[in-house]
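Predicted, not measured: the structure shown is a model, and the values here were computed from it. Below, chain A is the first sequence line, B the second, and so on; all start at residue 1.
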Amino acid sequence: MQTSLAVRLGKLELKNPILTASGTFGYGQEFDEFVDLNRLGGIITKSVTRNARIGNPPHRIVEVPGGLLNSIGLANVGVESFISDKMPFLRTLQCRKIVNIAGESLEEFAEVLTKLEESPEGIDGYEVNLSCPNVEEGGRTFGKDPKQVFLITQALRKITDRPLIVKLTPDCSDIGQLGLAAQEGGADILSAINTFVGMAIDSRKRKPVLGTVTGGFSGPALKSLALAKVYELGQTVSLPIIGIGGIFTLTDVIEFLLAGASAVQIGTANYIEPRISERLVDQLEGYCQENSIASVSELVGALE
Amino acid sequence: MQTSLAVRLGKLELKNPILTASGTFGYGQEFDEFVDLNRLGGIITKSVTRNARIGNPPHRIVEVPGGLLNSIGLANVGVESFISDKMPFLRTLQCRKIVNIAGESLEEFAEVLTKLEESPEGIDGYEVNLSCPNVEEGGRTFGKDPKQVFLITQALRKITDRPLIVKLTPDCSDIGQLGLAAQEGGADILSAINTFVGMAIDSRKRKPVLGTVTGGFSGPALKSLALAKVYELGQTVSLPIIGIGGIFTLTDVIEFLLAGASAVQIGTANYIEPRISERLVDQLEGYCQENSIASVSELVGALE
Amino acid sequence: MREPGKLLCEAAVIDIKWLNDSYYTLRFHSPEMALRSSPGQFVNLKLSNVKDLLLRRPMSIYRCGKKEGWLEFLLKIVGRGTRTFSHVQPGDEFGLLGPLGRGFDFDDVNDAILVVGGIGIAPLVFLAEEMHARNVNVRFVQGFVSQSEMCCAEELTPFVEELQIATDDGSYGFHGDVVGLLRELIRGKADLTGAEIFACGPNVMMRSLAELCVQENMKAQFSVEAHMACGFGVCVGCPVPLHNRSGYYLACTDGPVFRLGDIDFAD
Amino acid sequence: MREPGKLLCEAAVIDIKWLNDSYYTLRFHSPEMALRSSPGQFVNLKLSNVKDLLLRRPMSIYRCGKKEGWLEFLLKIVGRGTRTFSHVQPGDEFGLLGPLGRGFDFDDVNDAILVVGGIGIAPLVFLAEEMHARNVNVRFVQGFVSQSEMCCAEELTPFVEELQIATDDGSYGFHGDVVGLLRELIRGKADLTGAEIFACGPNVMMRSLAELCVQENMKAQFSVEAHMACGFGVCVGCPVPLHNRSGYYLACTDGPVFRLGDIDFAD
Ligand SMILES: Cc1cc2nc3c(=O)[nH]c(=O)nc-3n(C[C@H](O)[C@H](O)[C@H](O)COP(=O)(O)OP(=O)(O)OC[C@H]3O[C@@H](n4cnc5c(N)ncnc54)[C@H](O)[C@@H]3O)c2cc1C
Ligand SMILES: Cc1cc2nc3c(=O)[nH]c(=O)nc-3n(C[C@H](O)[C@H](O)[C@H](O)COP(=O)(O)OP(=O)(O)OC[C@H]3O[C@@H](n4cnc5c(N)ncnc54)[C@H](O)[C@@H]3O)c2cc1C
Ligand SMILES: Cc1cc2nc3c(=O)[nH]c(=O)nc-3n(C[C@H](O)[C@H](O)[C@H](O)COP(=O)(O)O)c2cc1C
Ligand SMILES: Cc1cc2nc3c(=O)[nH]c(=O)nc-3n(C[C@H](O)[C@H](O)[C@H](O)COP(=O)(O)O)c2cc1C
Ligand code: FES
Ligand code: FES
């Protein structure tokens, strides 16, 4: 039977609900040899900041039970190089290109967004990283405070008419309040979740493994925590939600849709199975056909 | 060489830092056939409430990547049966017996504690469960609010002179603030952490697996998240800390000590390896001997 | 029933056999555990050195060679654990915790009808054997989805008076479900309605069986399943609703075998 | 060096051999990967169907049968992954992603001294073989903790002019570390100080080797390690400090081989 994988998240239409998560898919080009990028619902870029950032000292990665910790520190080329060096490739793609932006102050967020808005076509929306656990001054503090979330969203809303996705941190008392703040600030979509703060210790050396002591936890064990956050958001806000956290299989994707996500992002899994995003598109299509689901959007929030 | 496993947490002295976590060790007696209970640093009982509670509807348990979710709902016999039926056995033990108390209101906490204080000897301290994620009215809301944490701790402090441990929830924006509130309220010790909220979905039935939709995540993957919380608390408060979360091995124990915990609690691991608590005491002793550590307390907070 | 204490030990697989595409048996050398086991009890299994299965998996005791010192389980592949367990080789070590729970009570039973659906057969083969040894009259009624799932007839024949089989798709024996078959069998037979029912199977089968027993005024015992974390009464994670829904039994220590009328199967 | 594109594929283990208590080799059938590989590159390995190892493990290409179509890795058991990998059987499938990274550059080299410590030998056996095939003069200096760790002498002899061994405990060859041995060897020999160094080993060895090369004014290339998540430049997780610490290279795409002076070994 015919089935449609298309989903609509407010003003953002996706040909299917499979996106790739910021920081795990580079600027797209790195996966060009593994994946037919045009088959994806969309690509979310590595976080872009005002200036290039060299990132945190080593180690930045360590595997821990159930996932991994990272402490990249938003290492990236900066918005100008992004526009000149990375956008040309992205512009050749037919899938949605979402630029993830980050900063250490409201001004930095606004400046990055303004620069991107001035650049030629090729951007289908923005994701605002209000939740990076690895940058002390920035995301970490803003992202947990509903008032800050509201103010930043409001400021950015004034700068762009393109779809504005606010990415929320799970390290908070009440993700519903953060979601409401973003909604009131004018966000079109929420994405949840970024990583939880975690820590690994080398007991022989008696030292933290990561150069920054703590880092962000991602991977398989994040799934059940993320599902709870997505579900809670769905009970609180009216905006569409993009679910993120520990997605590795088709079943994981369907669970997030059922929990209330209109689309999902694949993160850590891309490192281990570089072809996984495209494979999940195929599998989701097969699943809908086998189960006579005319439109994948029927699954969204379809928990009994 | 001679080594001492004894640790002192304010007024609570333990012959070794291995405790068993509330809800995972029953009232001690259930493990009598597996473990020489007197070898443990201490036992923390299942949470005790004013009245008996039948608990949540099934399912209450589901395995998820990296751990398990539970939604027990504080099922327990109630404080009076606890005193008449469970205390007599506990009283026969030489290890520390810590009673974990829970409630849906400040009054309930206070009443439970008062009843316990009136009972004959045999209690070495209390752990206040301000963090149960499975009881809507109770712990869930209090536990996240520093003001409530302060008020409850203060009220309970007036009722008892015995060591008062406040158990903190990780589902918060800033565990340091919660710890400070408990410290100001008069707590002797902090324990961290209880479970994170998680959710599992049966994608075939399109239903949440747990009867209460969400539950508490515990098990191996909790470790790195818990280490970060213990470390953060250690940077903020001056009270001794008991570390909890995903401890299965000697290395896990040592990591928590290094991160700043003066003692640890073994939780989920007891279900799978009922002898693990005693085995960890043995292994810790062997480790200290091999590494010429005169007192295990040298390890506490000994991160470079 | 009797609880002579549980064991926590390691034991090596001595045999693995496939009964059909998804059912297989694992046999362990574990003399002490075998001696202590009675029908309806279960053992909590853990594959040693496998880290990605966290909880032990509860498995009913399927057969038990008390003299020879072995214990056998019948598993059906349904998920991660039962799949991983199916890849083991003779010699591989498991952790065993058991025997756990309260089994079937047949001290005063003369006539028994054992009713099973699918993998529910696991605990009832041991029961049939022990009943036979104590001169109980055993009739056995099995239900399967289809002929390809059928198993255990050979193991059962020495112990049972009568063995009847239903398949949902009619590919073998009675066409329909096992409760339908039972209904046919006992219709108007006073000697049979005087028998006691011992059953294990999916919840929907147990519910309709319970209704039949109430109608026919037959006594019955059911072995039920619940999600478990510990298996020995500590986690309080395995509630089985009381008949009046005023509270819960624990499947692992009050059960897994319950009497008709004590518990509620609804939903 | 050259990057003719990476492959993502499955390959079966065709041989596993133990060289000592903790070193073993895994050989895979993977003709296409073998063809594309050059010395100093690595492959990211994942044991298919094993869920409790999350990340792929980077392993240098140890030997490579381009004609026969095999690829071999030399592993040392240090943690969960290398232990789990050591239990595989011929026929078991791995996921391979590679060849990754930039290898050694010896296009204009006539005389080379290869210096390794412990498991650092892994990438340099392939290098010795390829250098020999291109008529480079190869001297090989190995350091081990003790005689019991020694390995690969047999594999190396066809390709090297000279093979010298140091052990930390003096149980074989030169008593001391490998850099000490190298210092002895080159002392006053102008032909040797004209050679280029190619090295892999623990950080402390690399640091002291780097100092020696600066003193003696020798060129050198180092294969370094870093914690990696992806291995192909995406996670930005594998920083290697620039010589002046003003920023970082990525070990996986800028390296793992770097030239003396480009990076900083301090800490
Ligand atoms: C007392 C008792 C006796 C049993 N005897 C047998 C037997 O003899 N043979 C047999 O094949 N099976 C038996 N089971 C069922 C068996 O334990 C489950 O099939 C098994 O735990 C599921 O394991 P899995 O890893 O294959 O599936 P999972 O991947 O863990 O889950 C698959 C399904 O199993 C169920 N499940 C999930 N978590 C649990 C849990 N914690 N406890 C129980 N079920 C769960 C769910 O319905 C889920 O859909 C018994 C269960 C109980 C409680
Ligand atoms: C380019 C490259 C080439 C390598 N070549 C070889 C080789 O040929 N033979 C060989 O035996 N080893 C090689 N290694 C090292 C090998 O990848 C590590 O030993 C392995 O990842 C550790 O795996 P484990 O699961 O056994 O240990 P783990 O239990 O994961 O960790 C043990 C130790 O490994 C290190 N480690 C932890 N996480 C990582 C990570 N993400 N990446 C790298 N190291 C980590 C830490 O120092 C830790 O103490 C290479 C590493 C790199 C980066
Ligand atoms: C190495 C790494 C780098 C990341 N970098 C970013 C980033 O730059 N911006 C961002 O918003 N999220 C970043 N994330 C978070 C992911 O986008 C995602 O929210 C998180 O990893 C959870 O999903 P997962 O469990 O599928 O990986 C990063 C995650 C990892 C593992
Ligand atoms: C089934 C179950 C029941 C629990 N019941 C309680 C409880 O009654 N009171 C309490 O304070 N904590 C309770 N906990 C939380 C544990 O004490 C512990 O904080 C948590 O499980 C994390 O540790 P772990 O990862 O070692 O299990 C329970 C945990 C589980 C898994
Ligand atoms: S399984 Fe833990 S109480 Fe029954
Ligand atoms: S390992 Fe991911 S960028 Fe190097």
Side-chain angles (χ1 to χ4, degrees), chain B residues 20-35 46-47 52-77 134 200 202 207 209-211 215-216 218-221 246 248-249 267-276, chain C residues 3-10 44-48 50-58 78-82 84 94-98 100 203 224-242 244-253 255 263-267:
Chain B
T20 57
S22 179
T24 67
F25 211 70
Y27 302 99
Q29 191 153 18
E30 296 87 338
F31 282 81
D32 195 31
E33 58 184 307
F34 298 119
V35 166
K46 174 87 197 143
S47 283
R53 294 177 61 106
I54 63 168
N56 289 331
H59 299 302
R60 292 185 184 169
I61 295 282
V62 61
E63 187 168 325
V64 293
L68 63 88
L69 301 180
N70 86 79
S71 136
I72 307 300
L74 295 181
N76 81 99
V77 296
N134 298 322
D202 184 327
K207 276 177 26 178
V209 178
L210 296 178
S218 68
F248 282 70
T249 67
T268 299
N270 290 305
Y271 301 144
I272 299 146
E273 298 296 351
R275 294 209 178 96
I276 193 156
Chain C
E3 225 188 332
K6 32 192 180 294
L7 287 172
L8 177 59
C9 58
E10 299 255 298
N44 251 352
L45 296 181
K46 180 183 178 309
L47 191 47
S48 305
V50 166
K51 292 261 164 61
D52 66 336
L53 294 173
L54 180 63
L55 296 172
R56 289 173 183 262
R57 299 312 202 245
V78 300
R80 288 191 315 127
T82 46
T84 306
F94 275 70
L96 272 58
L97 170 61
L100 300 170
N203 218 39
V224 307
E225 279 196 15
H227 287 199
M228 293 184 173
C230 70
F232 55 103
V234 174
C235 71
V236 205
C238 57
V240 178
L242 298 185
N244 59 4
R245 303 209 143 202
S246 65
Y248 301 99
Y249 288 114
L250 292 183
C252 67
T253 46
I263 59 171
D264 178 56
F265 285 113
D267 107 83

(request) Taking the side chain as every heavy atom from C-beta outward, state whether C/C235 and B/N70 have any atom pair closer than 4.5 Å. (result)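 Sidechains of B/N70 and C/C235: no contact.
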
(message) Is there a side-chain contact between C/L54 and B/F248 in this structure, where contact means two heavy atoms from C-beta onward sitting under 4.5 Å apart?
(response)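 C/L54 reaches B/F248 side chain to side chain.
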
Is chain C contacted by the side chain of [X], its backbone, both, or neither, given a heavy-atom distance below 4.5 Å?
X: B/E33; result: side chain
X: B/P65; result: neither
X: B/N76; result: neither

(message) Using heavy-atom distances under 4.5 Å, tell me whether C/D52 contacts chain B through its side chain, its backbone, both, or neither.
(response)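 Just the backbone, heavy atoms under 4.5 Å.
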
(message) Quick check for you: among B/T268, B/I54, B/T24, which has the greatest number of heavy-atom pairs under 4.5 Å with chain C?
(response)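 Winner by heavy-atom pair count: B/I54.
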
(request) Could you tell me which of B/E273, B/E30, B/H59 has the largest number of non-hydrogen atom pairs under 4.5 Å with chain C? (result)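 Heavy-atom pairs under 4.5 Å are most numerous for B/H59.
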
If I compare all heavy atoms of [X] with all of [Y], which pair ends up nearest, and what's the gap?
X: C/H227; Y: B/I61; answer: ND1-O, 2.8 Å
X: C/L8; Y: B/P274; answer: CD2-CD, 3.8 Å
X: C/Y248; Y: B/G55; answer: CE1-O, 3.8 Å

(request) Please work out which of the three classes, parallel, tilted or perpendicular, describes the rings of C/F232 and B/F34, given edges at 30° and 60°. (result)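 Because their plane-to-plane angle is over 60°, the rings of B/F34 and C/F232 count as perpendicular.
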
Taking [X] for the side chain and [Y] for the main chain, is one N or O donor matched with an acceptor at less than 3.5 Å?
X: B/R60; Y: C/V236; answer: yes
X: B/E63; Y: C/L55; answer: yes
X: C/R56; Y: B/I272; answer: yes

